[in-house]
Amino acid sequence: MPRAPSSRPALRQALVLAVVLASAVAAGVIVERRPAGNDELKISVGELRSQAAELELLLAQDDSALPPRFVRAQATQLARAVDQSRQGLQDLRLQPALQPRRDQARVLAAQVAAALQPLQAAHGPTAPASQAAAHAARRSLQTLEESLR
């Protein structure tokens, strides 16, 4: 007489699937709670460096080369990007050893944001001091980014 199919293989497969799923969820939670390292901070600093370089190029344009409306729009868009990068730096949960570097990046990000404000308000002659500040911020961010490698 034939034997009835056993439900043991199906039960075993369900148990293995449950263990694998629980392991994947646990691994995801562990990775999420782990503080960010050099690579994550380097990405944020690289974004800021790129934004500072864009500001530097915008400031370097001859005042008559670009329409004032374009400059204001570009500066406003760039300011939003800088604010998002600043918020990303603020929200980044870092290893304690990286806190001073984040603090340095936040100071430089504030300098970039401050240099953008006059361009957002009106397009007039750019002061050489603004250009020098943008250049210094970009160089400092580049040095910081390179130190995170």
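Position 1 is the first residue of the sequence; numbering continues from there.
With sequence neighbours excluded, the residues forming a side chain to side chain donor-acceptor pair (under 3.5 Å) with Arg102 are Gln99, listed by chain and number. Not counting sequence neighbours, the partners of Arg138 by the salt bridge (charged side-chain N to carboxylate O under 4.0 Å, His left out) test are Glu56. Under the side chain to side chain donor-acceptor pair (under 3.5 Å) criterion, Glu54 pairs with Gln74, sequence neighbours left out. With sequence neighbours excluded, the residues satisfying side chain to side chain contact (heavy atoms under 4.5 Å, CB included) with Ala137 are Gln111, Val112. In this view, Arg149 and Lys42, Glu146 satisfy the side chain to side chain contact (heavy atoms under 4.5 Å, CB included) rule, not counting sequence neighbours. Residues meeting the side chain to side chain contact (heavy atoms under 4.5 Å, CB included) test with Gln84, sequence neighbours left out: none. Residues satisfying the side chain to side chain donor-acceptor pair (under 3.5 Å) test with Ser85, not counting sequence neighbours, are Glu47, Gln51. For Ser147, the side chain to side chain contact (heavy atoms under 4.5 Å, CB included) partners are Arg101, Leu144, not counting sequence neighbours. Partners of Arg80 by side chain to side chain donor-acceptor pair (under 3.5 Å), not counting sequence neighbours: none found.
Across Val45 and Leu141, no two heavy atoms sit closer than the pair CG1-O, 3.5 Å. Here the closest non-hydrogen pair linking Ala113 and Val82 is CB-CG1, 4.1 Å.
Considering only heavy atoms from C-beta on, Leu48 stays 4.5 Å or farther from Leu108 through its side chain.
A donor-acceptor pair shorter than 3.5 Å can be found between the side chains of Asp91 and Gln87. Of the N and O atoms on the side chains of Gln120 and Arg72, not one donor lies less than 3.5 Å from an acceptor on the other residue.
Summarising the geometry, atom OG belonging to Ser50 is positioned 9.5 Å from atom CD belonging to Glu145; distances are rounded to the nearest 0.5 Å. With values rounded to the nearest 0.5 angstrom, Arg139 atom CZ is found 11.0 Å from Arg49 atom CZ. Atoms NE2 and CG, on His135 and Leu55 in that order, are 12.5 Å from each other to the nearest 0.5 Å. For the atom pair CD (Gln131) and CG (Leu57), the distance works out to 11.0 Å, reported to the nearest 0.5 Å.
Grouped by direct or indirect side-chain proximity (heavy atoms under 4.5 Å, Ile/Leu/Val/Met/Phe/Trp/Tyr only), Val20 sits with Val16.
Under the side chain to side chain contact (heavy atoms under 4.5 Å, CB included) rule, Leu148 has a single partner from Ile43, Asp39, Leu41, which is Leu41.
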